[in-house]
Amino acid sequence: MRVLVAEDERRLAGAIARGLRREGMAVDVTHDGAAALIKARVVPYDVVVLDRDLPELHGDEVCRRLSGNGGETKVLMLTAADSLDDVVDGLSLGADDYLPKPFEWKELVARIRALARRAGRARPAVLRSGDLELDPARRRVTRAGDDLELTPKEFGVLEALMSADGAAVSAEDLLQQVWDEHADPFTNAMRVAVMTLRRKLGDPPLIHTVPRVGYRFGG
């Protein structure tokens, strides 16, 4: 899952980003509306966590332009204003959800995950294939009933491959979905993650290399 956090309070933005990364999400951060709009037009984010009172370009305008693009990115608007009129205004601008500050961490994560499931093609809350089950909300993977201990990146790679429904996923797409904007496109981190993930999943193998394309999940 790829998320953009657009928040001008730098300490809050950093705390949100660190927490979401611990949840296995790839997170980019920006502190003004103009930069947020540029990033969101370049990267196909699943969710943009958007502070309403951003400098340079107000969050309302960022939301209006993103929703007017007809893209699949979902917008979760954050604001200190929590009256009913404020909520209605935010939703009328095109926001997909609205969360007043201060908020409970578990609620923020749950709302982001719910929005991500609605972004693009609809995805089930729990991914299953044969005896393998992946639960994004609980960060849990089991095979034949046994829990598998995966790193956040291994979990993200597996989630991306299972979500593709048997289609091949390129290495570039995996980097974009699982790593953030600081990832070196020439790094071997993704290949290492796939290698260790294959070992942990065991036999019969579930991740297959597609020559000159990338990787495919399937029995």
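Along the sequence shown, the residues carry numbers beginning at 1.
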task = Could you please spell out the steps behind the salt bridge (Lys or Arg N to Asp or Glu O under 4.0 Å) verdict for Asp60 and Arg52?
result = CA-CA 6 Å; Asp60 286 358; Arg52 191 167 186 180; 2.6 Å; yes
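- With Glu154 contributing its side chain and Thr151 its backbone, the two residues share a donor-acceptor pair below 3.5 Å.
- By the salt bridge (charged side-chain N to carboxylate O under 4.0 Å, His left out) test, Glu172 is found to be paired with no residue, residues two or more places apart in sequence or in another chain being considered.
- If you chain together hydrophobic residues whose side chains sit under 4.5 Å apart, Val192 and Trp179 never meet in one group.
- Atom CG of Leu161 and atom CG of Leu206 lie 10.5 Å apart (nearest 0.5 Å).
- Note that CG of Asp51 is 9.0 Å distant from CE of Met77, once rounded to the nearest 0.5 Å.
- In this structure Arg199 satisfies the side chain to side chain contact (heavy atoms under 4.5 Å, CB included) test together with Thr196, sequence neighbours excluded.
- Counting heavy atoms from C-beta on, the side chains of Lys200 and Leu148 never come closer than 4.5 Å.
- Qualifying side-chain hydrogen bond (donor to acceptor under 3.5 Å, both in side chains) partners for Asp131, counting only residues two or more places apart in sequence or in other chains: Arg143.
- Between Met190 and Val178 there is no side-chain heavy-atom pair separated by less than 4.5 Å.
- Side chain of Asp8 to backbone of Asp32: no donor-acceptor contact under 3.5 angstrom is found.
- Phe217 CZ to Leu158 CG: the interatomic distance, rounded to the nearest 0.5 Å, is 6.0 Å.
- The backbone N or O of Glu9 lies less than 3.5 Å from a partner atom in the side chain of Glu7, making a donor-acceptor pair.
- Remark: Arg191 CZ to Tyr215 OH distance equals 6.5 Å, nearest 0.5 Å.
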task = Determine, step by step, whether His58 and Asp53 satisfy the side-chain contact (heavy atoms from CB on, under 4.5 Å) criterion, reporting the C-alpha distance in whole Å, the side-chain angles of both residues, the deciding distance to 0.1 Å, and the verdict.
result = CA-CA 6 Å; His58 196 273; Asp53 297 314; 3.3 Å; yes
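- Arg139 pairs by the salt bridge (charged side-chain N to carboxylate O under 4.0 Å, His left out) definition with nothing, not counting sequence neighbours.
- When the options Leu115, Ile112, Val29 are evaluated for a side chain to side chain contact (heavy atoms under 4.5 Å, CB included) with Val3, the one that passes is Ile112.
- The nearest pair of heavy atoms linking Ala35 to Thr30 is CB-OG1, 3.1 Å.
- Qualifying salt bridge (charged side-chain N to carboxylate O under 4.0 Å, His left out) partners for Asp97, counting only residues two or more places apart in sequence or in other chains: Arg111.
- If you take CD on Glu23 and CE on Met25, they are separated by 5.5 Å, rounding to the nearest 0.5 Å.
- Of all heavy-atom pairs spanning Ala34 and Leu57, the tightest one is N-CB, 3.5 Å.
- Membership of the apolar cluster around Val210 extends to Val213, as traced through chained side-chain contacts below 4.5 Å between ILVMFWY residues.
- Evaluation of the side-chain hydrogen bond (donor to acceptor under 3.5 Å, both in side chains) rule for Ser67 yields no partner, not counting sequence neighbours.
- When the side chain to side chain contact (heavy atoms under 4.5 Å, CB included) test is applied to Pro44, the partners found at least two apart in sequence or on another chain are Gln176.
- Arg18 meets the side chain to side chain contact (heavy atoms under 4.5 Å, CB included) test with Ala15, Arg22; sequence neighbours excluded.
- A heavy-atom distance below 4.5 Å is not found between the side chains of Leu66 and Tyr45.
- Closest of all the heavy-atom pairs between Arg216 and Ala168 is CB-CA, 4.3 Å.
- With sequence neighbours excluded, the residues satisfying side chain to side chain contact (heavy atoms under 4.5 Å, CB included) with Gln177 are Ala160, Val169, Asp173.
- A heavy-atom distance below 4.5 Å is found between the side chains of Leu50 and Cys63.
- Side chain of His208 to main chain of Gly218: a donor-acceptor pair is present (N/O by atom type, distance under 3.5 Å, no hydrogens or angles).
- Taken to the nearest 0.5 Å, the OG1 atom of Thr73 stands 11.0 Å off from the CZ atom of Arg2.
- Annotation: side chain of Phe103 is in contact with side chain of Ile16 (closest heavy-atom distance under 4.5 Å).
- For Asp147, the side-chain hydrogen bond (donor to acceptor under 3.5 Å, both in side chains) partners are Arg140, not counting sequence neighbours.
- Val49 has its side chain out of reach of Val27: every pair of non-hydrogen atoms, C-beta onward, lies at least 4.5 Å apart.
- Lys153 meets the salt bridge (charged side-chain N to carboxylate O under 4.0 Å, His left out) test with no other residue; sequence neighbours excluded.
- Hydrophobic clustering (ILVMFWY, side-chain heavy atoms < 4.5 Å, transitive): Trp105 and Leu12 are in one cluster.
- Nearest heavy-atom pair across Leu54 and Ala6 is CD2-O, 3.8 Å.
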